[in-house]
S.K.: 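Have a look at this one before I ask anything.
A note on names: the letters A, B, ... follow the listed sequences, proteins ahead of strands, and every chain is numbered from 1.
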Amino acid sequence: MGHKLVLIDGNSIAYRAFFALPLLNNDKGVYTNAVYGFTTMLLKILEEEKPDHVLVAFDAGKTTFRHATFTEYKGGRQKTPPELSEQFPLIRQLLDAFGIKRYELPNYEADDIIGTLSGQAHDEKWKVTVITGDKDMLQLVTDDVTVALTKKGITDIDRFDPALIEERYSLTPQQIIDMKGLMGDASDNIPGVPGVGEKTAIKLIKQFGSLEAVLEHIQDVSGAKLKEKLTENREQALMSKQLATIECQAPLELSLQDTSYSGYDGERLFPFFKELGFHSLIERLGGEAVAEVKVEQEALSFEEVEDITEDVLASPAALIVETMPETYHGAETLGIAIVNETGNYYISRDLAFSSALFKEWIENEDKEKFVFDGKRVYVALQQAGLSLHGVSFDVMIASYLLNPSESSDELASIAIRHHLSPPDHEDAVYGKGAKRKAPDVQALMEHTVRKAKAIYALQAPLLKGLKENEQYDLFASLELPLSLVLAKMETLGVKIDLERLRQMGKELTATLITLEADIHALAGVAFNINSPKQLGEVLFEKLGLPVQKKTKTGYSTSVDVLEKLENKHEIIEKILLYRQLGKLSSTYIEGLLKVVHPESKKIHTRFNQALTQTGRLSSTEPNLQNIPIRLELGRKIREAFIPSKEGWKILAADYSQIELRVLAHISQDENLMEAFKKEMDVHTKTAMDVFHVEQEEVTSQMRRHAKAVNFGIVYGISDYGLSQSLNITRKEASDFIHQYLQTFPGVEEYMKRIVSEAKHQGYVSTLLHRRRYLPEITSRNFNLRSFAERTAMNTPIQGTAADIIKKAMVEMDEALQREGMQAKMLLQVHDELIFEVPEEEVKKLQEVVQRVMEQALALDVPLKVDMNSGNTWYDAK
DNA sequence: GACGCCACGC
DNA sequence: GACGTACGTGGCGTCA
């Protein structure tokens, strides 16, 4: 009885799967879209073909014997996105879990392995199916060998037998290579004969039979130009054919019998699926709930330190100062772990904090420490009276800079991505939600030491990555010092006027109660106004107002919907006010009061330095980067933010139009640069140029539209987004953007250049080499691709602005020390810095702030800073 | 406890 | 034509 063999081109299918699916990741932040696509494809093939032998072939390394023929073979190819390359080890593990043989051979491509095996199988009269996305493989087709080519997706395939090849190309399978010799292949950088495409190639091969025959009978080819091309590129054509020819005699170290496959074992496969988060697949394949699997961890040995010796404090060392995983302000240290070349150590908190040697080591700049989230360590130690110095590496920040799209907030995820023995996830050690609590001592020791080991192991590869990316300077001179500046700001905190806040709360509550009664009366029914569901029922069913927009779950009741109903019913106005006041009361009054430190009456936010895709900071518990300002009523909240000392002031300094200035610099657009060099109002200038009017003729409507377009440019919004913000049609918005780009040709040029750059190298960069990878920029899905394109345009602008203010912050911290000033930096709000300062120092601070912020980075247009001071944050306007 | 809706800032 | 569209954080309601 005949055997059935399936041969899979691993690299080709992995690529297809990666680009066909959105970037999924599992709960550990590991990307899984290619693995997932590969799995579904595999399951489908196994189901349809029911093979008794299966092999997946991979390319090994970068160079092959083909490079000896032609060094530029496969040249000009885009680097594999890191989001994909990190999935290859997972795909190998997947195949092992399936019990499917995989193979790669140095110096050969997957094609050659497949060609060789399919030849052997053919000789044995086996039936063979080859699965690939590569048309070159069609040359392998015989009566017994079918080549299945993936079409658009990954599970959609075309099966080629000799008849189908004849139908599609009017050629035999062997003649496919002759065709390639003539037409070349851009994706593999095979030159072929310039000017000869698929049509001409097929015509010639049909007429003469083979490439060699064509070249022998060039005189009989019709067309003078074509004759000339063929004569000139004779050798190149022969070489191209050779490159495209699959080697069917590769020296494989496995036999057909080694590829036998007898079905998968759920016991082995499902735990792996579970780890990847493929729950739907387990269900589909009828797997029962599987026990939680842990990632493979190495055995651990460490010393519980009783005497702190020189060995324990040998440097460089990885240092963990463990606190509970959430806020570190006021958190107690649970224990300390150190890993260095002499060993792995756990030190109890009491021993460490009472040791003079330990203090000396922590505070010594020359003793190098590697950490994870140094800001957290700095704050924790400071609360124990220790001042951390000598941090030379922060794994969290390094990982974030290398690829901000990969989660960097857990050591476990980073270790897994680097195939190192990982520590447990924080939630696994501490429990989630209500169950959160410190683990027992043994578990704590193991966890902290494992984390220190992971840091120690990660330092070298991450450092290497930073250097390869030319990001070491960004890391060492900007982000690392910034983490300590942020630590100081967070620790210092912002003083809050509790009485003021409580008073505002009281007034709001009173108004809300009245409003609520009014709304219920107008509706004729009591209901929860905060419930979109109930509100929707009242407005659109009971009162019969026209539905504007639906959400997944029902009627939309968002602001823009309500505003369109405003003249239809007097209840709307009251609901809008209720919403506005409710937001102020719950988020800003109640929310802030909840996090005020009871003794110091201060708020200590935490800045997340390793989160946003653009390089900006974010702020949590509480978020002090979204305190109201736009509406006067909300802005009053800022009156509660006051200096911490009597006679001090709040000073706010913000960059004027920093993103558009950055855009002017990057794009070198003459028009835009001129606007800033002449210190014009940039929105007015935009309106003048777009609408072709003089300054005096710019109406407020024109300026508003121009401002919205500028906003769109800075934030990378689409024509749809612009149409929403201006309440115009999508077509009008699209025309508008078009008009803008005509007016600023340098900007249009930049937009094209940066998108092309992103397509070629797979990422975009800021002026200070911050990176953002955009794998979806080559997606065939229009939405994903468009989004990636807008991101490519926007990230260098917003990211460079983030670089600039971060640099200003580091330099401000140095300047305040150098000048011996008392003023303190309190907050950063993306393009703005907030200080507190003794009244007599205000003038000096203004000089320093202006100089430092405006000189932070030299652009081809000036940077401009606006400053104001007052008794509260509100007054610093 | 997870998720959706809504709203605040840049 | 593509049906979802800057980045964040947080509060509330709903549903399990």
Side-chain angles (χ1 to χ4, degrees), chain A residues 22 27 152 404-405 427 432-436 527-536 549-562 575-576 578-592 594-595 605-608 611-631 633-635 637-638 654-655 657-660 708 710-725 730 733 772 776 779-795 797-799 801-802 805 827-832:
Chain A
D27 54 1
K152 311 174 282 208
S405 74
D427 285 355
K432 276 205 283 192
K435 291 186 205 141
R436 188 75 115 186
F527 67 102
N528 186 346
I529 308 166
N530 282 322
S531 159
K533 186 164 174 266
Q534 295 180 35
L535 180 60
K549 204 164 73 177
K550 298 272 254 174
T551 65
K552 262 192 286 194
T553 50
Y555 310 107
S556 169
T557 65
S558 59
V559 180
D560 53 320
V561 168
L562 294 185
I575 291 170
L576 283 168
Y578 184 90
R579 278 258 177 87
Q580 192 197 333
L581 302 188
K583 173 84 179 175
L584 290 179
S585 170
S586 66
T587 305
Y588 296 107
I589 305 281
E590 298 305 323
L592 286 177
K594 252 186 270 178
V595 290
T605 186
R606 280 177 301 142
F607 290 104
N608 195 333
L611 186 136
T612 71
Q613 301 304 299
T614 53
R616 280 184 170 185
L617 300 174
S618 76
S619 156
T620 54
E621 276 186 278
N623 180 354
L624 292 185
Q625 292 182 319
N626 72 343
I627 303 301
I629 189 165
R630 229 178 69 250
L631 299 171
L633 201 60
R635 192 174 197 156
I637 299 282
R638 296 179 175 227
D654 68 290
Y655 279 111
Q657 304 296 349
I658 186 167
E659 283 99 350
L660 289 174
N710 281 330
F711 180 87
I713 299 280
V714 165
Y715 289 115
I717 63 173
S718 57
D719 51 3
Y720 175 85
L722 182 64
S723 74
Q724 291 292 300
S725 72
R730 191 174 167 161
R772 183 174 187 179
E776 289 173 343
S779 169
R780 278 169 288 285
N781 178 312
F782 174 82
N783 290 323
L784 294 179
R785 190 177 62 246
S786 305
F787 183 41
E789 287 172 357
R790 293 202 304 277
T791 309
M793 304 179 214
N794 152 254
T795 296
I797 303 173
Q798 205 183 111
I805 194 162
L827 296 173
Q828 187 250 46
V829 190
H830 307 309
D831 64 352
E832 180 182 17

S.K.: Mark yes or no: A:Lys549 above the aromatic ring of A:Tyr555, with NZ or CZ under 6.0 Å from the six-membered ring centre and no more than 45 degrees from the axis.
M.R.: no
S.K.: How long is the gap from CG on A:Asn608 to CG on A:Asn623, to the nearest 0.5 Å?
M.R.: 11.5 Å
S.K.: Does A:Arg730 make a side-chain donor-acceptor contact with the base of C:dG4, cut-off 3.5 Å?
M.R.: yes
S.K.: Applying a 4.0 Å non-hydrogen cut-off, can you work out what A:Asp831 is touching in the nucleic acid: base, sugar-phosphate, or nothing?
M.R.: sugar-phosphate
S.K.: Can you find a donor-acceptor pair, distance only, under 3.5 Å between A:Arg616 side chain and B:dC10 base?
M.R.: yes
S.K.: Looking for any heavy atom pair under 4.0 Å, which part of the strands does A:Val714 touch: base, sugar-phosphate only, or nothing?
M.R.: nothing
S.K.: Distance check needed: B:dC8 C1' versus A:Ile589 CD1, whole Å only.
M.R.: 14 Å
S.K.: For the pair A:Arg772 (side chain) and A:Ala792 (backbone), establish whether a donor and an acceptor sit closer than 3.5 Å, ignoring hydrogens and angles.
M.R.: no
S.K.: Please list, pair by pair, any protein nitrogen or oxygen found under 3.5 Å from a nitrogen or oxygen in nucleotides 10-12 of chain C.
M.R.:
from, atom 1, to, atom 2, distance (Å)
C:dG10, OP1, A:Glu621, N, 2.6

S.K.: Among B:dC10, B:dC5, B:dG9, which is the nearest nucleotide to the side chain of A:Pro628?
M.R.: B:dG9
S.K.: With rounding to the nearest 0.5 angstrom, report the OG to CD distance, A:Ser585 to A:Gln580.
M.R.: 12.5 Å
S.K.: Between B:dC10 atom P and A:Asn794 atom CG, what is the distance in whole Å?
M.R.: 17 Å
S.K.: Using a heavy-atom cut-off of 4.0 Å across all strands, would you classify A:Gln613 as base, sugar-phosphate, or nothing?
M.R.: sugar-phosphate
S.K.: Return the value, rounded to whole Å, for the distance between atom CG of A:Leu584 and atom C1' of B:dA7.
M.R.: 10 Å
S.K.: Is there a side-chain polar atom (N or O) of A:Gln580 under 4.0 Å from OP1 or OP2 of B:dC6?
M.R.: no
S.K.: When all nucleic acid strands are considered with a 4.0 Å heavy-atom cut-off, which category describes A:Ile629: base, sugar-phosphate, or nothing?
M.R.: sugar-phosphate
S.K.: For DNA chain C, list all stems, counting runs of three or more consecutive pairs where every pair is Watson-Crick or G-U wobble with both distances under 3.5 Å.
M.R.: B:1-9 with C:7-15
S.K.: Please report, rounded to the nearest Å, how far the C1' atom of B:dC6 is from the NZ atom of A:Lys549.
M.R.: 11 Å
S.K.: Side-chain N or O of A:Arg579 less than 4.0 angstrom from OP1 or OP2 on B:dC6?
M.R.: no
S.K.: Can you tell me how far apart OG1 (A:Thr557) and CD1 (A:Ile529) are? Round to the nearest 0.5 Å.
M.R.: 11.5 Å
S.K.: Do A:Tyr588 and A:Asn626 pass the side-chain contact (heavy atoms from CB on, under 4.5 Å) test, and can you show the C-alpha distance, the side-chain angles, and the key distance before you say yes or no?
M.R.: CA-CA 10 Å; A:Tyr588 296 107; A:Asn626 72 343; 3.4 Å; yes
S.K.: Expressed in whole Å, how much space separates the P atoms belonging to C:dG4 and B:dC10?
M.R.: 30 Å
S.K.: Would you kindly give the CD1-to-C1' distance between A:Ile713 and C:dT5, to the nearest whole Å?
M.R.: 16 Å
S.K.: For the residue pair A:Arg436 and A:Asp427, establish whether any side-chain heavy-atom pair is separated by less than 4.5 Å.
M.R.: yes
S.K.: Tell me what A:Ser531 touches on the nucleic acid: a base, only sugar-phosphate, or nothing, going by heavy atoms under 4.0 Å.
M.R.: sugar-phosphate
S.K.: A:Ser786 near the nucleic acid: base, sugar-phosphate alone, or nothing, with a heavy-atom cut-off under 4.0 Å?
M.R.: nothing
S.K.: Nearest to the side chain of A:Leu611 - C:dG8, B:dC10, B:dG4?
M.R.: C:dG8
S.K.: Is A:Ile717 close to A:Gln724 at the side-chain level, that is, under 4.5 Å between some pair of heavy atoms?
M.R.: no
S.K.: Would you indicate what A:Thr557 reaches in the nucleic acid, counting non-hydrogen atoms under 4.0 angstrom: base, sugar-phosphate, or nothing?
M.R.: sugar-phosphate
S.K.: Does A:Thr612 make a side-chain N or O approach to OP1 or OP2 of C:dG8 shorter than 4.0 Å?
M.R.: no
S.K.: Over how many whole Å does the gap from A:Tyr720 atom OH to C:dG1 atom C1' extend?
M.R.: 17 Å
S.K.: Using the C1' atom as the point on both nucleotides, what is the distance between C:dC3 and B:dA7, in whole Å?
M.R.: 24 Å
S.K.: Using the rule for Phe, Tyr, His and the six-membered ring of Trp, do A:Tyr588 and B:dC8 stack at under 5.5 Å and under 30°?
M.R.: no
S.K.: Considering only C:dC7, B:dC5, B:dA7, which nucleotide approaches the side chain of A:Lys552 most closely?
M.R.: B:dC5
S.K.: Could you give the distance from CG (A:Leu617) to CD1 (A:Ile805), rounded to the nearest 0.5 Å?
M.R.: 8.5 Å
S.K.: Looking at A:Thr553, I'd like to know whether one of its side-chain N or O atoms comes within less than 4.0 Å of OP1 or OP2 on B:dC5.
M.R.: yes
S.K.: I would like to know whether A:Ile629 and A:Arg638 meet side-chain contact (heavy atoms from CB on, under 4.5 Å); could you show each step before the answer?
M.R.: CA-CA 8 Å; A:Ile629 189 165; A:Arg638 296 179 175 227; 3.6 Å; yes
S.K.: Roughly, in whole Å, what's the span from OH in A:Tyr715 to P in C:dG8?
M.R.: 12 Å
S.K.: Verify the stacking flag for A:Phe782 against C:dA2: centroid separation must be under 5.5 angstrom and the ring planes must differ by under 30 degrees.
M.R.: yes
S.K.: To the nearest 0.5 Å, what is the distance between CG on A:Leu611 and OG on A:Ser619?
M.R.: 11.5 Å
S.K.: Round to a whole Å and report the spacing from CG of A:Leu581 to P of B:dA7.
M.R.: 13 Å
S.K.: Please classify the nucleic acid contact of A:Phe787 as base, sugar-phosphate, or nothing, using heavy-atom distances under 4.0 Å.
M.R.: sugar-phosphate
S.K.: Between A:Ser779 and A:Asn781, do the side chains contain a donor N or O and an acceptor N or O under 3.5 Å apart?
M.R.: no
